[in-house]
Amino acid sequence: MENRKSNFSEWYNEIIDLAGLSDKRYPVKGMNVWLPYGLKIMQHIDTIIRRAVDSRGGMQEVSFPLLITRDQLSVEFEHVAGFENEVFWVTRGGGKQPLEVEMALRPTSEAAMYSMFPLWIRSHSDLPLRIYQIVNVYRYETKHTRSFIRIREIHFFEAHTAHRDYEDAERQMREYIDIWNEITDALCLPPYRIDRRPDWDKFPGAMYTLAFDTVMPGGRTLQIGTIHQYGENFSRNYGIVYDDERGGEHHYVSQTTFGMSERLLAAVIGIHGDDQGLILPPDIAPVQFIVVPIPSDRVDTLSFARDVASRASALGYRVRVDDRDNYTPPGYKYNDWEMRGVPVRIEIGEREVSEGKVTLALRSIRGRRSFPPWARCRRT
RNA sequence: GGGGCUGUGGGGUAGCUUGGUAUCCUACGGGCUUUGGGAGCCUGAGACCCCGGUUCAAAUCCGGGCAGCCCCCCCA
């Protein structure tokens, strides 16, 4: 395997392939296949995101259509102009018939959602409106694409909120930062930077943008999340208004958004990995304990291994017994699961069976210790 | 947006300059033997990115397309 520090780019490509995260051989530029192991990790990341968002209450998950009509995008607005060069268009349907109304694959969902907001928001009692979705968005990247970092089909979390005034929207911005802290804690990401982007670099249409940046090996900064204060910029263009308590008087809502993507996975890969491969935080590891039986003629290590595994499963951990028999020496399995980033390995050989103990090896420190049965499972 | 490079079995490669039989490693299937840090022997299957051009003949030369890689810059 490539050296992570001196040759990060190639190490990154190699580990994504070896660990079975994503297959970039799919014949469309920037659109890769999520492989089982990689998809599981991403789903666990999504679970962490949902937990962080849902636990605060008031925010609800939705799912909007993929297609946006040309009309929805025909608003004269810097937001629309900002994306016009990265939109995929659907122009035909049913054989070769040109569509009467051309449709875009969403590059982000403002235009989709804000076409519905005026129908949903009538009075102050409809506010705040706070929704999010985890869907794919599409951007016609012309530059060099890169697994999980710059792709054309993006696995995207986007939260959208509408508030009665700017102050309430600002409160939402502060809550986003709390949510972000909870997520980065669970992913064991190191302290990050929050940058207020200069005007030329803010999200198209936003009043201001705060970006969460992290630094990858090799020194490159990776923007892994952004929150945007829209103020009334969008509501004035999409006509999102409400009646206040006095009735009759219309006010524009103030809006915010929060965006994240599989760049979170890219950050976890890049920041935690080493020359042996991935190192996964336990919360997102598809396999948290790998039990490796070492075959023996004298004792039944496999049964013992399965017994250990079922006890750990009963405690709620994700456990797997590596009972593949085609790789006979255990060293292959050790290296294989270390490469995949499994946090804890449990080795079961003659010694463990006869002494009634297990031997644990931790991925993060690459040490090994022997323990009496089950003693540490709850704490690891 | 700019600069450079590459496409050969699943992965990594030799062959290309000088056109003619495609090399090796690894992974994979079958069989036997093995087993406390990437096992061994036997055997089997598997490839020249796509389209066009030059030529008796193209993996090799030329043009285009598609895909990928590296550096600078930037987006989630």
Side-chain angles (χ1 to χ4, degrees), chain A residues 1-2 7-14 16-18 20 23-32 35 45 49 82-83 85-86 106-109 134-159 180 197-198 200-204 209-214 218-228 257-267 276-277 292-299 301-302 324-339 345-354 359 361 366 368 370:
Chain A
M1 172 165 302
E2 284 293 339
N7 206 350
F8 177 70
S9 280
E10 286 177 33
W11 176 90
Y12 181 81
N13 289 328
E14 194 175 353
I16 286 172
D17 182 45
L18 286 175
D23 194 330
K24 66 183 170 203
R25 292 173 301 180
Y26 193 76
V28 179
K29 176 184 171 73
M31 296 195 184
N32 302 332
L35 296 175
I45 293 175
I49 293 171
F83 277 100
N85 288 324
E86 2 187 356
R106 58 183 166 221
T108 175
S109 298
I134 299 177
V135 296
N136 291 340
V137 299
Y138 297 82
R139 296 183 188 172
Y140 188 83
E141 283 291 345
T142 53
K143 298 178 184 179
H144 183 208
T145 53
R146 195 152 172 62
S147 302
F148 305 137
I149 292 177
R150 187 187 294 116
I151 50 196
R152 286 171 150 188
E153 182 175 57
I154 304 170
H155 178 85
F156 199 51
F157 165 90
E158 49 180 333
W180 179 256
R197 292 298 196 231
W200 58 266
D201 193 28
K202 64 186 167 71
F203 185 79
T209 289
L210 300 183
F212 305 114
D213 289 332
T214 194
R220 284 233 275 266
T221 296
L222 187 67
Q223 180 174 309
I224 50 181
T226 43
I227 59 179
H228 311 289
T257 57
F258 181 4
M260 294 179 278
S261 70
E262 59 265 74
R263 280 191 176 179
L264 287 169
L265 173 54
Q276 267 60 246
V292 180
I294 300 157
S296 158
D297 291 331
R298 302 189 295 128
V299 294
T301 54
L302 183 57
R324 290 178 293 180
D325 61 2
N326 45 338
Y327 305 114
T328 45
Y332 179 90
K333 297 180 178 180
Y334 298 166
N335 286 304
D336 194 41
W337 293 108
E338 281 170 8
M339 182 270 290
R345 179 178 66 246
I346 303 177
E347 300 172 10
I348 305 290
E350 288 183 5
R351 211 156 48 226
E352 285 74 17
V353 174
S354 56
T359 296
R366 283 178 68 74
R368 197 188 254 122
S370 137

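Sequence lines set the chain letters: A, B, ... in the order given, protein chains first and strands last, and positions in each chain run from 1. The structure presented is a predicted model; accordingly, all values stated were derived computationally and were not measured.
As rounded to the nearest Å, B:A47 and B:A27 have C1' atoms that lie 15 Å from one another. For the P atom pair drawn from B:U6 and B:U60, the interatomic distance equals 15 Å after rounding to whole Å.
A:Leu264 comes within contact range of no nucleotide atom at all, as no heavy-atom separation falls under 4.0 Å. Across all strands shown, A:Thr108 has no heavy atoms under 4.0 Å from either base or sugar-phosphate atoms. At the heavy-atom level, A:Pro27 lies under 4.0 Å from the strands shown only through sugar-phosphate atoms. Here A:Glu158 lies out of heavy-atom contact (under 4.0 Å) with every strand. As judged by a 4.0 angstrom heavy-atom cut-off over every strand, A:Gly349 is placed among the base-contacting residues. Using a 4.0 Å heavy-atom cutoff across all strands shown, A:His155 reaches no nucleic acid atom at all. Looking at heavy-atom distances under 4.0 Å, A:Lys143 makes contact with a base. Residue contacts shown for A:Arg220 are limited to sugar-phosphate atoms, with no base heavy atom under 4.0 Å away. Residue A:Asn13 is classed as a sugar-phosphate contact, given heavy-atom separations below 4.0 Å to backbone atoms only. Residue contacts shown for A:Ser296 are absent, as no nucleic acid heavy atom lies under 4.0 Å away. Within 4.0 Å of A:Tyr12, counting heavy atoms only, lies no atom of the nucleic acid at all. Counting non-hydrogen atoms under 4.0 angstrom, A:Arg25 reaches the backbone sugars and phosphates but no base. At a threshold of 4.0 angstrom between heavy atoms, the contacts of A:Gly30 are confined to the sugar-phosphate backbone, with no base atom among them.
Residue A:Lys24 places at least one side-chain N or O closer than 4.0 Å to OP1 or OP2 of B:C69.
Comparing A:Glu86 and A:Ser9 against RNA chain B, the residue whose closest nucleotide sits nearer the 5' end is A:Ser9. Of the two residues contacting RNA chain B, namely A:Ile151 and A:Asn32, the nearest-nucleotide position lying further toward the 5' end is that of A:Asn32.
When side chains are defined from C-beta on, A:Ile151 does not count as touching A:Met31, because their heavy atoms never get closer than 4.5 Å.
Of the candidate nucleotides B:A67, B:G37, B:G1, B:A67 has the atom nearest to the side chain of A:Lys29. Out of B:C73, B:G38, B:G36, the shortest distance to the side chain of A:Arg150 is found at B:C73. The A:Glu347 side chain lies nearest to B:G36 when the options are B:G68, B:G36, B:A39. Closest contact between the side chain of A:His144 and the listed nucleotides B:G1, B:C70, B:C72 involves B:C70. Considering only side-chain atoms of A:Asn335, the nucleotide from B:U35, B:G38, B:A39 that sits closest is B:G38. Considering only the side chain of A:Tyr332, B:G38 comes nearest among B:C70, B:G38, B:G68.
In this structure, B:C5 forms a base pair with B:G68, meeting either the Watson-Crick or the G-U wobble geometry with both donor-acceptor distances under 3.5 Å. The partner of B:C24, taking Watson-Crick or G-U wobble pairs whose two distances both stay under 3.5 Å, is B:G12. Pairing for B:C32 goes to B:G40, judged as Watson-Crick or G-U wobble with the two contacts each under 3.5 Å.
A donor-acceptor contact under 3.5 angstrom links the side-chain atoms of A:Arg345 to the base of B:G37. One cannot find a donor-acceptor pair under 3.5 Å joining the base of B:G11 and the side-chain atoms of A:Glu14.
In terms of the ring pair (Phe, Tyr, Trp, His ring centres under 6.0 Å) criterion, residue partners of A:Phe148 (sequence neighbours excluded) are, by chain and number, A:Trp34.
Judged purely by atom type and a 3.5 angstrom limit, A:Arg345 has no side-chain atom pairing as donor or acceptor with the backbone of A:Ala361. Remark: the backbone N or O of A:Glu14 is not paired with any side-chain donor or acceptor of A:Glu2 at under 3.5 angstrom.
Side chains of A:Thr214 and A:Arg263: no donor on one and acceptor on the other come within 3.5 Å. Using modelled atom types, one finds no donor on one side chain facing an acceptor on the other under 3.5 Å when comparing A:Glu86 with A:Tyr140.
Between A:Arg25 and A:Asp17 there is no salt bridge, since no side-chain N of the basic residue sits under 4.0 Å from a carboxylate O of the acidic one.
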